[in-house]
Amino acid sequence: MSRIGVFICHCGENIASTVDCESVAKSASEIPGVSFSIDYKYMCSDPGQSKIKNAIIEHKLNGVVVAACSPRMHEPTFRKACAEAGLNPYLCEMANIREHCSWVHPKGEETTFKAFEILRMLVEKVKRNTKLLPIKVPVTKTAIVLGGGVAGIQAALDIANAGHKVLMIEKDPSIGGHMAMLSETFPTLDCSQCILTPRMVEVAQHPNITLYNYAELESLDGFIGNFKARIRLKAKSVDPKICTACGVCWSKCPVKKIPDEFNTGLSKRTAIYVPFPQAVPNKPVIDRTQCTYFVKNGKCGVCKKLCPASAIDFETKDEIIEVNAGAVVVATGFEIKHTDFFPEYGYGRYKDVIDGLQFERLASASGPTLGEIKRPSDGKVPETIVFIACAGSRDKAKGIEYCSKICCMYTAKHAMLYKHKFHEGKAYVFYIDIRANGKNYDEFVRRTIEEDDVNYIRGRVSRIYESNGKLIVKGVDTLLNAQPVEIEADMVVLATAIVANADSESVAQKLHIGYDKHHFLSEAHPKLRPVETNTGGIFLAGACQAPKDIPESVSQGSAAASKVTILFSNDELTREPQVAFVNRTFPPQYSSCTGCLLCIPVCPYKAIEKEEIKNRNGEVVKTVAYVNGGLCQGCGTCVAFCRNKSIDIQGFTNEQMFTEVMALNF
Amino acid sequence: MLNKQIHYSNQQLQSWVDGLIYKGKTVIGPVKKNGVTCFSEIKNFNELILNERTVYSAKEVVLPKYDILFKFAKEKDKVFISKNENSLNNVIVIGLRPCDNEGFDYLRLFFKSDPDILQKLNTFISVTIACEKKFDGCFCEELGIDKNYSNKTDVLIKTSENGYDIYFNDRGNEILSPQASDVKPAEIKKPVPNVSIDNKVAYLKKLSEQYNSEKWKIVSMGCLGCGSCAFVCPTCTCFDVQDEGNTQNGQRLICWDACGMGLFTKHASGHNPRPSQVERRRHRIMHKFVYTQDTEGKISCVGCGRCIAACPAHLNIYNQALQILQ
Amino acid sequence: MEDFEPKLAAFVCNWCTYAGADLTGTSRMKYPSNVRILRFPCTGRIDFMLVMKAFDSGVDGLIVSGCHPNDCHYTSGNFHAQRRWVVFKEVLDIMGFDTRRIFFTWVSAAEGAKWAKVVTDAVEELKKLGPYSEFKKILLKKLQFPLDNKTADREIKTEPVIS
Amino acid sequence: MNIGFYPGCSLTGTSKEYNESLVAVATSCGITLQEIGEWNCCGASSAHALNHELALLLPSRILALAEQQGFTELLIPCAACYSRIATAQHQLLQDAKLLAEVSEILKIKFTATIKLFNPLKFLSEKILPLIEDKIKNKLNLKVSCYYGCLLVRPPQIMKTERFEDPVVMENILAKCGAYPIDWNFKTECCGASLSIARGDISSKLSMRILRDAADKKAEVVAVACPMCHSNLDMRRPDINSLLTAKIDIPVLFITQLIGMALGIPAEKLGLHRHFVKNDKMVSNVYSQNKVECPA
Amino acid sequence: MNQKINQHIAYLMKEKGVNLIISQAKDSNGFVIPHFILSENDIISSVIAINEMRNFFAYLNKQEIKSFKSIGIVCNYFGVKTFFQLKFENQLKDLELFLLIPTDDDFIEITSEKQAEDYLSGLKQSTILVDEELENVKKMSMEERWNYWMKTLELCTKCYACRAACPMCYCSSCTTECNIPQWIPVPASLHGIFEWHVMRAMHLAGRCTECDECVKVCPANIPLNILNKGLHNKISEAFSSDDSSIKYALNFFQPDEKVDFIK
């Protein structure tokens, strides 16, 4: 028999001004099942709450309905009060007679009756409420950081420094990502290698961080706090423990014609190689697609013979290891469009039309030209360079309508570097708008224009073509009363668009997270939860979510790390018990679920899986749906979807909603 | 006992029925609703369909598919109840067949201890039409029911050369109110009870020996477990009681139920004494031919063949019984 | 049918329309008091059976409202609900049910004014349509009281039972 | 094998030689160009600047007539006509209501799904596979292929491959033994639309095109559009007036070059109709091998 | 069944260890009824036109029939459609099925889902189903439609023959049997019947294979299939932009798709 306490709040005058609380309290006491009903001026105040607590103890209530403001406001308060009085908090419901009744209707008998009817519906619902306990999910305190760029490194270091284990997975032979390829970084022009390499070394040496370089995530299953990941360690053919990185192998390797990815194709590398001098780990790797031993099955093997430490073994295979983790930080970074993407700039035919990253390599001291700006075609120092901003970005026709955010800044930096290295050189920058909105950013661009007299032309470049050794750049200057401009340049640098990695779609599918139409990974909420995703326990950092510069990537790395440390702050994850469950019945039927599993695609959180019910000697008796309490966020879409009502959701069960709807009429 | 006899022409019969309706009697007869023949109140004679066997039996008149037993309401702390009085006085059911009357006769035996329903069964006046030919699926003769004679009715109409010979007893006399002149004592050939029927009934009783035979499995394979055979059968009486309403007021309803359905014998614990269609089909056949011989003293199947027509797989209950007995 | 006061229920999603109705309250906008609001975690949770039960309990109209597409707190609840309503509305249309009495809308947490307008328009429309008498005819059970010839059967004292 | 043929006004007027050479090349490859009956002007000259509805209806009527007369494929050699008809087809296929309206006005029921051929598609899909073994005279001329604008723009409708740097003409002429040169003004505008209003601007633009061809030592310029030809050939005196060093590179239609390669006699190809003399270049092409190919 | 099928049935039972064939036969009054073949001598030859054949897949929901493990079913196009849909819904799990589809004098045998899909895609079936009863119901005004349905549904006695004969109604505990809460009123009052038929139509939306068994078995011959056909047409027309790999439209959605009646 239900013994329900009804507590009607005056909310000062907010409710009492239009609703006659006493008569509602009186008529509430007549509702069958209500054994205590009072009204009070401020229910949410301390005296108000103690009235509730005393009533629970004194009248042995097994259900409480507080008729006051919106549950979105004070439901936690009143539920905590009931819990303190020993009543399971989920047996307390709120009837919203303020926002939905007293404030929006005139004073009168009609409004009082409506308040009573709202109250009665909740009383009927409370009669069907059951005791619920928050869900406890164990948490494995190891984090996986996918991607070794600056964002990944920052996240890994923060999590490791917080005392948790980190597994970093990097698909290239060395960590460092795109930042390692840069020369200097805006706005302070400090050398990218100098600020990044110490961090990379710190990652390599950190006791809590295990670095899997030249490795990819094969699959990820499980849910927040209990992920099971399978990592594919690509065969390096060189045993890092024995190898002393003496350099004999990559100096003697006969295959020297492979375009070096790190130097963006401006120089060549050998089949066995270390991407760049400051690589971490600084051990070589054999590129099996190019090495003649693999391509012409066993022809060469020079490196193996010459290796003093005999660390080279061609027979090693890809290895798949299984790890457990509690959270995943995705920091897989970005790619840029290459010059062949632009028909109007020659389909990538002209050697001296290069992209921003290639210019970075030219300007970098460890680059192919050791920091000298030289034309890739004939190696001469270019007298005139034209920089073209927004190459591909903000261009609907090219399908990239967003702004790549950092090109204005690095174009200004490139121009400044060029002028510092070659004072007499002439630099032009074609731009639409200069977006320099970071700290000291605009000052940096003004310095490029005023001190290094790079002249900025506001206009687009329509075509580039080569004519007797010169690159004719046909553009327009929209500020000088729209005069067409034609510049004979020695080199053209395109600030090409930043796009998502080619494999970002498959990574997102492996992690069951969303991605937008440009294949950037989708955050849970653009403003309020930028580093989280819709899947619990998976966080984002850096340019994989959207184009961003180094300061932002680093701060997102730290933000994701803080989310992970919050998750790992206690051993168990407690969650609201508003979670779906598939019903179970007595043996021959085991569950009313027919196993049609049509509900699996309905769940936005992929919380519904197939479960095979086995009998004592292990045979599968029935396959039914199973809701993973850890992942379910309690939206209830599956409950309304299930034909024979086999799935129900705690807090909004079928029976509760049924009685609430039927209480509508009386 | 049908002791009197008069002769009506076609026209006279029609004007008699229209007269009854005009006099305010409720006349219920077989009508075609949306392509389905069932017993329902008629407003004039030519609504009647007299040449077909109805899909739904006349049991509907006495035991409707759902009926309100009583309504209840709670005021302050008292509960008030109002019984539902719907008696069948001055109701005339026309278009019955001899097998229907046998059905009603069985119902009178079955409900002998339930005053309300018994009172209903005995108040309405039944007008039976003898069958010339058997409809498809009928097997009343095999069960000893004479298809063109029934003494368990108030009025019996038999077609003759130019019209109808009508035999009636004194209850029938009230509604016919014939002129004395054309009333003749009924000379009607009462069927001689042939002995083969009694040993047919005894033969059917042997079904209980076959209770555990494997043949039930084969016989019941075609049964899908729906309720259509029970709901069209004139002698099926199983019912389910349901309450509808809310915490203030509501009503108690009695509605048809069928032993064929899985839920019929399911216990609250989940155990089901008749777990599969084999047991359910066996129960239906045994109930119709064996169990009622002990309780009511006669088999409760009247051989009307309605269940065969309504069954999704057209299972023939009589042939199946014989098949089990071979 | 001026003096007819329609009985209107509203199935709303907790994250958007319920919050929108709260906002209507906090900004003290007025709307007719015929509506009774029921809270659901998401429009995805609104079952077509519950819509039928609403009409079973004698309402004259029903508002079903939730987050705008792509606003759903659970990302796709409203999309699934939308597809279900397309099919449900079709079967009611074929059966001749008066689907004008079901008002499907999207009201976000910021659209307090829109919520007031939705309720006012709904009540206006229902006043024009009048009570849903055809459907109530077949709802024979609860609605034909008080009892005609009632006989007191027994008294029930509701004294507090210490469980 | 026959194909619907829409000559348009220029092929029957100022560029008669394009028509003659096209027909000659087609017949020698066994393709009959069947002119569609009572065709009307495609509205290229001014319609699309003055009246959108007229600009749609004129080409739509051509599509309707072709479909009505049972053609499944339609060759439109002039780039301007092709651009107008292809744009109309694009609009009709995207908007069923518009198609219904237009067929209502034209009183002809049609679906506008006929396959259109611009000169490049026709040459590469229909002619190229056939002339492999029919080459009589190797052209061995340095040729710069000029595409102009209408054959490649707007890319969504024309759907030409590598629309900024097309290579279709180069491939065809290479098969005919010519040496196509890589130059930069393939798709630059020759100022055709201003040729009447501002002759000076179109002369300057055409001059720049020819100057680049001359720089690259081209011996002949191949074109596939009457307007390009008229600007580069007919306007040569004005162009030369802007230059210190005269440019006398002849400008021929690609069909004429192919015709010469197939050995079709010069008169049949209308080579004598050009302003810039080309008899010296033509004679040494034919003189390589004396055999005259039968008419 | 024709000669070829009978021989094949005999072969299946002897070699392939199939121990039950659900065939079809005509009874004395010409009704098509299920004919269960347990051994060779049960095989009979009866001539049934292909469109007269019925869909007996509902028998597979019975525990006693499932226990035969390896079963053959004689069926027509709708049978194959049902088989494909049941396989799609992970039913018929531990059953080995042999579908025998009689053509004029020969037959086609289907055992796997793939074969069923090819067979179905072979027959170009229009996505919009034409049914003149549905047409003239749609033409009626709302009141007429309501009265039409109240008149037809009035005869329903809730015998649940439509549920028993429907192969897609395989739920071990149907929502009608759920009494906490009592979703569907048990008595056959007009309101109870209305809610039952709306629920049945909704539960079959997008899954019904239009074999019309429900209409054939309904003693009150209520035109149930026009509800299913109406929904089938609505689904294929409203969600026509889903690509063909989507077999069930109601648990799928296209990003930012719009519906007109939601303001």
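A note on names: the letters A, B, ... follow the listed sequences, proteins ahead of strands, and every chain is numbered from 1.
- Heavy-atom pairs under 4.5 Å with chain E were tallied for B:Gly225, B:Gly137, B:Ser228; the largest tally goes to B:Ser228.
- Contacts of E:Phe36 with chain B are made by side-chain atoms alone, with heavy-atom separations under 4.5 Å and no backbone atom involved.
- Between the B:Lys33 side chain and the E:Lys151 main chain, no donor and acceptor come within less than 3.5 Å of each other.
- Both the backbone and the side chain of B:Ala313 come within less than 4.5 Å of a heavy atom in chain E.
- Smallest separation of non-hydrogen atoms from B:Cys255 and E:Val186: SG-CG1, 4.2 Å.
- Remark: B:Met261 CE to E:Glu177 CD distance equals 9.5 Å, nearest 0.5 Å.
- The part of E:Leu20 that comes within reach of chain B is its side chain, from C-beta onward, which places non-hydrogen atoms under 4.5 angstrom from that chain.
- Crowding of B:Phe111 atom CZ: a count of heavy atoms from other residues, nucleotides or ligands under 6.0 Å exceeding 12.
- Only the side chain of E:Asp27 comes within contact range of chain B, with at least one heavy atom under 4.5 Å from a heavy atom of that chain.
- Using a 4.5 Å heavy-atom cutoff, the side chains of B:His314 and E:Asn29 are not in contact.
- Evaluated for a side chain to side chain contact (heavy atoms under 4.5 Å, CB included) with B:Leu253, the options E:Pro185, E:Pro187, E:Ser189 yield exactly one hit, E:Pro187.
- Across B:Gly260, B:Ser276, B:Gly222, the residue that shares the most heavy-atom pairs under 4.5 angstrom with chain E is B:Gly222.
- Annotation: side chain of E:Ile193 is in contact with side chain of B:Lys65 (closest heavy-atom distance under 4.5 Å).
- For B:Asp67, no part lies under 4.5 angstrom from a heavy atom of chain E.
- The number of heavy-atom neighbours closer than 6.0 Å to CD of E:Glu135, taken from other residues, nucleotides and ligands shown, is above 12.
- Taking both residues in full, the closest heavy atoms of E:Thr157 and B:Trp256 are given as CG2-CZ3, 3.9 Å, listed atom of the first, atom of the second, then distance.
- When heavy atoms are compared at a cutoff of 4.5 Å, E:Glu154 approaches chain B by way of both its backbone and its side chain.
- When the shell of 6.0 Å around OH of B:Tyr211 is examined, it contains 12 or fewer heavy atoms from other residues, nucleotides or ligands.
- Checked by atom type and distance alone, the side chain of E:Tyr59 never pairs as donor or acceptor with a backbone atom of B:Leu224 at under 3.5 Å.
- Ranked by heavy-atom pairs under 4.5 Å with chain E, the first of B:Leu263, B:Asp257, B:Asn34 is B:Asn34.
- Across every non-hydrogen atom of B:Cys38 and E:Leu155, the tightest pair is SG-CD2, 4.0 Å.
- Using a 4.5 Å cut-off between heavy atoms, B:Gln242 touches chain E through its side chain atoms alone.
- Contact annotation for E:Cys166: neither backbone nor side-chain heavy atoms come within less than 4.5 Å of a heavy atom of chain B.
- Of the atoms belonging to E:Leu38, it is side-chain heavy atoms, and not backbone ones, that fall under 4.5 Å from chain B.
- Heavy-atom proximity under 4.5 angstrom to chain B picks out E:Lys62, E:Glu64, E:Ile65, E:Phe68 from residues 60-71 of chain E.
- Annotation for B:Tyr56 and E:Pro219: closest pair OH-CB, 3.7 Å, computed over non-hydrogen atoms.
- For B:Ile254, no part sits under 4.5 Å from any heavy atom of chain E, backbone or side chain.
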